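Down below is the structure, laid out as structure tokens.
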Amino acid sequence: MLYTPIQFRNVELKNRWVMSPMCMYSCENGMANDFHFVHYGSRAQGGTGLIVIEATGVEPRGRITNHCMGIWNDEQAEKLQRIVEFVHTHSDSKIGIQLAHAGRKGSTWNNHQISIEEGWETIAPSPIPYHPSERIPHVLTTDEVKGLVLNFKEAARRAVKAGFDIIELHGAHGYLIHQFLSPLSNIRTDEYGGSFENRIRFLLEIVESVNEELNAETALFVRISGTEYAENGWDIESSVALAKVLKDYSVDLVDVSSGGNIHGAKISVFDGYQVPFSSQIRNEAAVKTGAVGLITEVEQAEEILQNGNADLIFVAREILRNPYIAVQGSFEMKEECFFPHQYTRAKISS
Ligand code: FNR
């Protein structure tokens, strides 16, 4: 199944390998440069079905660090467009971008919060820092929340113009959207807090406004944390319920990760440890899902698909180690080889 195509709207992926979004902390002023051109371009040459560009801030405060990617202005989008055009011209891979806002987890370097002068005042649904040693974030007013929805919409408009095939919204890992979802980080009393319906409202408004910018040539994914491993927190039942709603809002795939919102949460990490969350969401909400997390072997990836636990395989650290994992897998599975046509002679050993 790894080499069976799959379609989202009019976007067909040639195989099920996805380069998972990964911050590279290598931008100035949120702009992609030659590092990113080669970094993402080489995964296209490696036969990856879909490449997802790292978490990209929809406004300056939406970045995790000063060196994260941004798409809050046209110049940033033009730099990204160069990568998109390379992938489309020189491969048959597809390319997506993860739109993100760090919220209370912004203004950091090397996983530590930096000062307002070096960074910025962070924002959040409620006055609860991620770690007790951190500054209390600015609590968003209701109007400011609506303003952020517009930031996502504008970012999506730029991404569509740049030619991206997939937009992924970052609703996982304790960043702003996740901060709204969780009753442990969202204790608001307005329409964006309290009940499940209120806590998912920010994400749904973003989905709705982003969808207004999309067309049949651009599909929409949402990454969530299937659970945050905390009592009375966001859990797998909430994720299944959310996934059912997202399906009704024309979200094409739920990319299922976990954790990130509760400091010190106990997580048991092993090969494919998040696959059960993907499986439960896929089977109970009847949505397409992506599995991610310690998937490093071709056979393992194939098994996840065969067992009906996911539709796509997101690979992060292993594809940093091996940009050619998709091509290599196609050799192993004796499938059509996904090398670039220029490399055809590599198939001939004598
Ligand atoms: C990540 N991850 C991540 N996730 C995400 O949704 N957006 C991001 O920008 C990043 N950034 C990032 C940077 C780096 C260097 C790493 C290693 C990871 C998480 C990543 O996409 C993936 O979910 C996890 O790494 C688990 O998958 P692997 O690494 O076990 O395949």
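Note that the structure is predicted; figures quoted are calculated from it, not measured. Whatever order the structure lists ligands and atoms in, that order sets their numbers, starting from 1.
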Just by distance, no angles: are the side chains of R223 and S20 close enough, under 3.5 Å, to form a donor-acceptor pair? yes
Sequence neighbours left out, what passes side-chain hydrogen bond (donor to acceptor under 3.5 Å, both in side chains) with D190? Give chain and number order. T142, R188
For the pair Y273 and F270, name the ring-plane relationship: parallel under 30°, tilted 30 to 60°, perpendicular over 60°. perpendicular
Decide yes or no for F314 and I319: does some side-chain heavy atom of the first lie under 4.5 Å from some side-chain heavy atom of the second? no
Chi angles and distances behind the salt bridge (Lys or Arg N to Asp or Glu O under 4.0 Å) call for D74, R157: CA-CA 10 Å; D74 292 344; R157 185 179 53 73; 5.1 Å; no
W17, I6: one ILVMFWY side-chain cluster at the under-4.5 Å cut-off? no
Between the protein and ligand 1, which nitrogen or oxygen pairs come in under 3.5 Å, and how far apart is each?
from	atom 1	to	atom 2	distance (Å)
ligand 1	4 (N)	P21	O	3.4
ligand 1	4 (N)	R223	NH1	3.2
ligand 1	6 (O)	Q98	OE1	3.4
ligand 1	6 (O)	Q98	NE2	2.9
ligand 1	6 (O)	H170	NE2	3.2
ligand 1	6 (O)	R223	NH1	2.9
ligand 1	7 (N)	Q98	OE1	2.7
ligand 1	9 (O)	C23	N	3.2
ligand 1	9 (O)	A55	N	3.1
ligand 1	11 (N)	C23	N	2.9
ligand 1	21 (O)	S20	OG	2.8
ligand 1	21 (O)	P21	O	2.8
ligand 1	21 (O)	R223	NH1	3.1
ligand 1	23 (O)	R223	NH1	3.1
ligand 1	29 (O)	R317	N	2.9
ligand 1	29 (O)	R317	NE	2.6
ligand 1	29 (O)	R317	NH2	3.4
ligand 1	30 (O)	L294	N	2.6
ligand 1	30 (O)	R317	NH2	2.6
ligand 1	31 (O)	A316	N	2.9

